[in-house]
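First comes the structure, then the notes that go with it.
Just so we're on the same page: letters track the sequence lines, and every chain starts at 1. Values below: all heavy atoms of this structure, side chains included; hydrogens, waters and symmetry mates excluded.
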Amino acid sequence: MFSHLAVATGLATGDMIFFAVCFILLMWLIKIVAWKPINQMMQDRADKISNDIDTAEKSREEAAQLAQQRQDALANSRQEASSIVDSAKKQGQQQRDGILAQAQTDAQSLKDNAKKDIEQERQDALSSVRNDVADLSIEIASKIIQKELSADDQKALIDSYIEGLGK
Amino acid sequence: MGDPSSVATFQFGGLTFNAANIISGLIAFVLVFLFVFALSRHITMKPGRGQNVLEWLVDFTNGILKGSIPGNEVGGFGLYGFTLFLFLFVSNELGLFIQVAVGGKDFVRSPTSDPIVTMTFSVATLMLAQYAGVAKLGWKKHFSGYLKPFVFWLPISIFEEFTNFLTLGLRIFGVIYSGEMLLKIIGNLAFSHGIATMIVAVPLEMFWQGFSAFLGAIQAFVFVTLSAVYISNKLEVEE
């Protein structure tokens with residue numbers, strides 16, 4: 001039953017060559033048709049996955065950075081708002097103080113002016129009255145007691161009279 | 001299959017050819033090529049169904065090689081392992097499903113049920129191992145490996161190469177040949193005494209076919225694994 005084996009029937013050397021050549025041919029065909037594209041694609045896929053992982057890591061970091069920035073901006077704006085309110089308050093206070101002081105000085109000066117005016121008026125009135133009275137009294141006195149009164153007596157009389165007016 | 005007249009031989013260019021081996025070998029080669037060709041048509045970044053199968057097979061055979069060959073050396077042998085596994089697998093299973101005999105002579109059967117075919121692949125593997133050893137270590141270092149651990153080890157080293165060649169080729173031949181032989185015997189039994197023996201033989205035949213299919217897959221796997229082991233032996237410097 002073993003008589004058909006290679007050793008028994010004479011070596012079928014042709015078969016060896018046939019299988020060797022066919023196998024090399026098959027290997028070559030598979031390399032062209034499948035092996036190269038498949039390995040290329042597997043390599044590409046591995047590259048893509050590692051790229052994707054890197055990109056994901058990067059975008060995660062970016063997102064964290066953005067969130068941090070937003071947080072900072074928010075805190076900043078809150079601080080800014082409070083400082084704006086503060087400065088506005090301060091400015092208002094200052095303005096109020098200024099206006100008040102201005103008003104006070106204005107009022108003071110008005111009062112002073114008025115006082116001065118009144119004094120002036122009084123002085124004017126007094127002097128005019130003095131003159132008028134002097135003239136009038138001279139006129140009246142000259143009319144009433146024309147001869148009896150000397151000039152000195154008359155002046156003394158007028159002065160005493162005016163003094164009485166001043167009080 | 002048993003007697004010498006069961007295979008047709010012919011002479012061509014002074015060489016003897018075995019018709020059964022040539023025909024069934026061609027069928028196996030064409031089947032493997034069509035299988036790979038059909039699955040590799042639409043290769044995309046997102047693998048489709050066929051591409052997934054093919055990529056799984058590539059990963060599988062690469063995994064076998066990586067088991068023994070150091071990681072960065074696998075690349076060059078990946079294609080050899082892939083083709084070898086597919087061809088041996090298809091060859092082993094071929095005879096389980098199709099056996100054509102015309103006029104008492106086989107024409108289609110498992111190519112691997114003939115030792116000349118398995119020995120061819122065994123020689124191919126060992127030649128590749130020698131080549132890889134020389135390519136990596138250089139002539140001197142490679143052949144000085146035969147003198148280790150000491151000079152008188154040389155005959156044993158050479159004998160080891162010879163037994164590697166024989167066992168690698170004969171293991172797969174033996175399993176596939178005996179599997180087909182038993183299938184034939186059960187088949188003969190089925191037709192020997194009419195309906196009664198057929199009823200007994202059919203489940204037996206089915207059982208043995210399934211077992212042989214399993215054995216065929218195992219043998220293809222073992223052959224590639226041992227190829228990787230022999231190649232890796234030649235890649236390492238023995239201390």
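Only the side chain of B:F87 comes within contact range of chain A, with heavy atoms under 4.5 Å apart.
Heavy-atom pairs under 4.5 Å with chain B were tallied for A:M41, A:Q40, A:K48; the largest tally goes to A:M41. Ranked by heavy-atom pairs under 4.5 Å with chain A, the first of B:L79, B:V32, B:D59, B:L84 is B:L79. The greatest number of non-hydrogen atom pairs below 4.5 Å with chain A, out of B:T83, B:T120, B:V36, B:V30, is found for B:T83.
No hydrogens or angles considered: a donor-acceptor pair under 3.5 Å links the side chains of B:T125 and B:Y80. For the 3.5 Å distance criterion, the side chains of A:Q43 and A:N39 fail to qualify, holding no donor opposite an acceptor. Using modelled atom types and a 3.5 Å distance limit, the side chains of A:Q68 and A:D72 yield a donor-acceptor pair. At a cut-off of 3.5 Å, with distance as the only test, a side-chain donor of B:N92 or B:T112 sits close to an acceptor on the other residue.
Salt bridge annotation for A:K58-A:E61: absent, with no cationic side-chain nitrogen under 4.0 angstrom from a carboxylate oxygen.
Shown here are the side chain to side chain contact (heavy atoms under 4.5 Å, CB included) partners of A:I38, two or more places apart in sequence or in another chain: A:M42, B:I43, B:Q51, B:L54, B:E55, B:V58.
Contact annotation for residues 218-229 of chain B against chain A (heavy-atom separation below 4.5 Å): no residues qualify.
For A:E119, the CD atom sits in a packed shell: over 12 heavy atoms of surrounding residues, nucleotides or ligands are nearer than 6.0 Å.
A cation-pi arrangement is not found for B:R171 relative to B:F173, the charged atom failing to lie both closer than 6.0 Å to the ring centre and inside a 45° cone about the ring normal.
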